[in-house]
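What follows is a single structure, written as structure tokens, with notes after it.
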Amino acid sequence: MASSATQPVETEWRLPDRGTVGIISLILTEISLFSIFVIAYLFYIGKSLTGPFPKDVLEFPVLATICLLSSSGTIVFAEHALKHRKMAMFKMWWAVTIVLGLVFLYETGVEWHDLIYDKHLTIATNVFGSTFYSLVGLHATHVIVGMTFLLIVFIVTMRGFPIHTQIRRVTFLSWYWHFVDAVWVVVFTVVYIVGR
Amino acid sequence: MATVDYPLEKSRRQREFSLSEALYSWVATVDHKRLGLMYMTSAIIFFLIAGVMAMVIRAQLIVPENHVVGPQTFNRLFTMHGTTMVFLVGMPIIAGMSNYLIPLMIGARDMAFPRLNAFGYWIFLFGGILLYFSYLGANGLFGAGSAPDVGWFAYAPLTERAFSRGTSTDYWILGILVSGIGSIVSAINVIATTLSMRCKGMKLSRMPLFVWVMVVDAWMVILALPPLTAGQVMLLFDRYLGANFFNTQAGGSAVLWQHFFWIFGHPEVYILIFPAFATVSEVVPVFSRKPIFGRQAMVGAVVAIGFISFGVWAHHMFAVGMAPISNIFFATASFLVAVPTGVKIFNWLATIWGGKIRFATPMLFCVAFIFQFLIAGLTGVMLAVTPFDWQLTDSYFVVAHFHYTLTGSFLFGVFAAIYYWFPKATGKMLSETIGKWHFWLLVIGFHLTFDPQHILGILGMPRRVYTYAPGRGWEPWNMISSIGAAIQAIAIICFAWNVIRALIKGERAGDDPWDAWTLEWTTTSPPPEYNYETDPEVRSSRPLWDLKHPEDPDWKYE
Amino acid sequence: MAEEDTKHDYPDAVDMPAPSFWPMILAFGVTLLLTGIVTNYVVTLVGFVLSARAAVGWWRDVIPHELHEEVPVRHPADWAVPVRTTGRSVASLRVGAAHHRMRIPERVHPYKAGIWGGIAGGIAMAILACIYGQVAHGSIWYPVNLLAATVLPSISQAGETALGQFQLVAFGVAVGVHTITSILVGVLYAVTLPMFPRRAPLWAGFIVPLFWTGLIAATLALTNPALNDHINWIWFIACQIAFGLVAGFVAAKTQRIDTMQNLPFIERAAIESQWSEKPDGKGRQ
Ligand SMILES: [Cu+2]
């Protein structure tokens with residue numbers, strides 16, 4: 001224990017990956033954003049002065065929900081295939097994910113069209129309309145953003161880009177996609193179960 | 001040495017200077033130090049603009065029934081003053097200080113996401129320009145209004161289409177929303193940098209307190225800003241698509257806007273004060289020649305403040321008539337913040353106590369900060385008492401209180417930071433003589449301006465009135481307050497002169513002018529693009545102490 | 001010189017992220033995209049095109065590999081001066097020898113001393129108060145009832161004669177309040193006594209009791225209006241000083257114990273290790 005001896009610096013020096021930290025922070029800030037819209041929806045339940053009311057016009061979006069939730073599984077399969085360099089499997093599962101996402105968006109579009117033109121509920125009709133379209137719309141916007149990235153990955157892969165060099169980024173994209181799915185569970189519960 | 005050939009460097013030096021290239025090098029830069037300086041410079045420019053607005057406001061209020069500006073202009077002035085100071089001065093200063101200092105302090109070469117960092121700066125700047133473009137562009141639609149005039153917290157239903165015609169409120173929404181993206185992006189960057197880019201040995205337990213405070217600040221930004229963005233998006237829907245979020249005639253709730261705004265707004269005031277905390281926690285030990293007292297307690301207090309600040313927002317809303325249980329909850333939670341805040345104040349004092357104090361300009365600003373922040377905290381506790389708040393809410397007492405936090409504390413902390421780190425960033429020392437003039441004029445001006453405003457509030461003067469009738473006992477206090485504002489303006493001129501003088505003919509700073517203890521002082525002033533030639537290694541929370549005192553290093557005790 | 005060029009132990013150049021103006025274009029594009037809301041949809045369109053182009057440019061910067069530029073390392077003559085290690089030194093610290101990194105007080109009176117001191121002081125105070133009751137009002141129960149009135153306002157409303165009579169409830173309450181307060185103040189004394197400046201008896205016996213008497217005087221009208229009406233301040237102060245002197249004396253008489261604050265955690269936890277204190281107390285070296 002001579003006083004001149006210097007303390008050895010830690011030999012093991014591991015830090016979390018910056019991308020991982022970044023994407024987790026991004027998801028947290030998105031959660032904060034969504035929670036305000038969810039709170040607004042919960043706050044305004046039953047506060048509409050005029051119809052139409054949720055119980056009159058909302059139907060369970062069963063197909064859309066099944067599609068979106070199962071896409072979380074298919075993207076995991078795709079990721080798994082990519083890690084094992086099974087490119088054909090990757091492309092297949094990635095395409096399935098995209099199709100499932102598109103079905104979800106299509107179903108939402110059909111629902112909105114029906115609500116607007118047949119049931120005469122717009123964002124300006126009452127507070128139910130305001131909160132419904134903004135919450136579901138915010139989620140749909142996130143699906144569209146995720147879908148854009150999924151499509152970009154798919155297109156560049158089909159054109160021969162070596163996507164297996166980008167496993168890290170693909171993983172982050174899949175995390176984002178899982179997050180969008182998880183938010184749908186909350187939105188679905190709040191809008192179609194609690195709110196009805 | 002001159003014969004040594006460094007090919008890369010040579011090729012660089014031989015390049016001729018050209019304006020377009022220099023411009024390109026700033027526009028395309030992803031260097032954290034340049035971006036930090038750009039943030040600080042933009043913030044200071046916005047600070048001067050908003051400061052001039054404050055001068056006009058005080059000129060208007062210097063005597064009763066004055067007519068420097070009309071009521072419309074006055075409303076725009078205080079709205080733009082507040083909005084600018086919070087979003088275009090406070091937020092970029094946070095980003096600027098974290099950007100410049102965090103990589104240097106943790107021994108990294110750059111931020112975690114350098115390109116994202118550049119994006120954050122530019123979108124903040126464009127957001128700010130968009131807000132100010134409202135002076136020219138907001139005549140749209142109905143030809144009514146120019147700059148926003150709804151106050152910095154833009155209460156509904158005043159902001160609804162029916163009451164705020166034209167597009168001025170939309171400029172307020174969009175300007176803040178856009179620059180808010182920049183704040184979020186830079187906060188994410190700070191978090192990733194501190195967690196993932198630390199040099200060898202820089203454990204969290206050894207990280208400088210500055211970095212600790214700023215990373216907690218970044219966490220608060222990413223959680224607190226989205227509620228404001230969400231509220232603003234709802235308001236945009238109300239204004240453009242006819243949604244009914246805050247439209248009370250269709251079942252909407254104006255109070256909900258207040259909740260959303262203050263869920264953001266209260267953490268925001270702590271977000272703004274944190275850079276000052278961070279600076280004082282670095283400057284006070286160096287100028288007292290003692291390690292910080294109670295390091296762990298300081299970290300714990302910052303984290304505790306971060307948590308509690310999310311549960312106190314409705315103390316801004318006691319006057320709207322919430323349920324008694326809400327009043328009690330939010331009052332109690334607000335008292336609770338005083339505990340960790342008190343811990344911080346006592347620890348700074350304990351650091352100074354018994355130290356070998358050097359009263360250089362940064363230290364002077366820190367001492368004034370501690371004193372003024374204490375008073376700000378005390379009036380804050382007073383306002384957290386619900387019945388007290390009922391009496392004084394929306395009065396000049398509140399104005400005095402939050403200017404004690406934002407001018408007396410935040411601004412003083414930032415000046416301490418500028419005087420302390422300016423030598424590192426530029427290689428030049430600021431003049432101590434002018435610095436002391438700056439300090440004393442600012443202290444005197446500050447107290448002359450804001451101390452009488454407490455009394456004005458108790459005498460019943462409401463905030464945001466553009467003029468007042470004589471004979472209510474308000475005249476002398478307003479007169480003193482306006483004179484104080486003028487003295488503050490002179491202090492700021494001293495500061496500007498000091499900076500310009502130092503840049504032109506300032507004394508050379510050397511690597512470590514203050515005999516400090518954190519890593520940034522081991523590199524040159526200004527640091528090279530890559531910060532450190534070789535990666536630093538750290539053994540304690542004061543790496544430079546260890547190097548300077550090998551016979552008694554800190555790591556033996558930690 | 002030429003040799004130095006080939007065998008220096010620092011890198012020739014450092015890889016830094018390459019400059020890129022795409023972030024700026026993207027920021028501008030996003031701003032325009034939103035500005036369209038308050039101006040014209042054409043602005044939004046331009047913003048969209050710019051953002052899309054900038055996004056592609058940005059991706060090209062980072063995919064497949066992040067672009068770097070080599071920044072040449074400066075000539076060593078331009079490097080930072082190595083941090084000074086000579087010229088000044090600090091004396092090596094020994095535990096308890098100096099004020100640096102020392103937590104005070106090092107030795108305190110045990111809590112037990114405070115409890116006994118508080119009880120003794122409380123008794124002294126009670127005796128003096130009863131004497132006052134006997135002398136001034138002809139009843140030792142007078143001060144007891146007044147104290148109880150803090151908790152039971154009904155007692156004070158009963159009138160002057162009732163204040164002189166023995167009441168069981170009032171007696172119980174008064175004894176309870178008095179005991180708890182005395183013990184708490186006694187413990188406070190024990191903890192703070194070592195921290196008092198010189199002349200502890202003066203502080204403990206006179207100044208501190210006068211200080212809290214001042215506090216009581218300022219607030220008594222609110223906390224116990226009855227007592228405030230009937231109080232005799234001279235006697236009251238005498239009682240407080242009696243408490244201070246006795247409690248301080250009893251507490252100060254006890255043996256102080258070491259706080260062990262200056263021992264490392266390991267030692268306080270009674271674990272033997274290489275970092276343990278040597279028995280001669282000479283410090284860690
Ligand atoms: Cu608040």
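Every chain is numbered from 1 and lettered A, B, ... according to where its sequence line falls, protein lines coming before strand lines.
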Need one label for A/Ser134: side chain, backbone, both or neither, based on atoms under 4.5 Å from any heavy atom in chain B. both
Side chain / backbone / both / neither for A/Thr125 at chain B, heavy atoms under 4.5 Å: backbone
Is B/Leu256 close to chain A through its backbone or its side chain, or both, or neither, when contacts mean heavy atoms under 4.5 Å? side chain
Hey, what's the ring geometry for A/Phe128 with A/Phe132, parallel, tilted or perpendicular (30° and 60° as the breaks)? tilted
Electrostatic pair A/Lys119-A/Glu59, nearest N-O below 4.0 angstrom: yes
Counting heavy atoms not belonging to A/His80, are there more than 12 under 6.0 Å from its NE2? no
Counting only non-hydrogen atoms closer than 4.5 Å, does A/Phe43 touch chain B with its backbone (N, CA, C, O), its side chain (CB onward), both, or neither? side chain
Please flag which part of B/Ser253 lies under 4.5 Å from any non-hydrogen atom of chain A: side chain, backbone, both or neither. both
Quick one: which of B/Phe237, B/Trp219, B/Phe260 has the most heavy-atom pairs under 4.5 Å with chain A, could you say? B/Phe260
Would you say B/Trp212's side chain and B/Leu204's backbone share a donor-acceptor pair under 3.5 angstrom? yes
Residues at least two apart in sequence or cross-chain that pass side-chain contact (heavy atoms from CB on, under 4.5 Å) with B/His259, listed by chain then number, are B/Val255, B/Trp313, B/Met317, B/Met322
For B/Ile184, is it the side chain, the backbone, both, or neither that has a heavy atom closer than 4.5 Å to a heavy atom of chain A? side chain
Looking at B/Val233, B/Ile222, B/Asn247, which has the largest count of heavy-atom pairs under 4.5 Å with chain A? B/Ile222
Tell me whether B/Arg109 contacts the main-chain N or O of B/Tyr530 through its side chain, where contact means a donor paired with an acceptor under 3.5 Å. yes
Would you mind checking which part of B/Ala112 comes under 4.5 Å of any heavy atom in chain A, side chain (CB onward), backbone (N, CA, C, O), both or neither? both
Once the angle between the rings of B/Phe261 and B/Phe264 is folded into 0 to 90°, is it parallel (under 30°), tilted (30 to 60°) or perpendicular (over 60°)? perpendicular
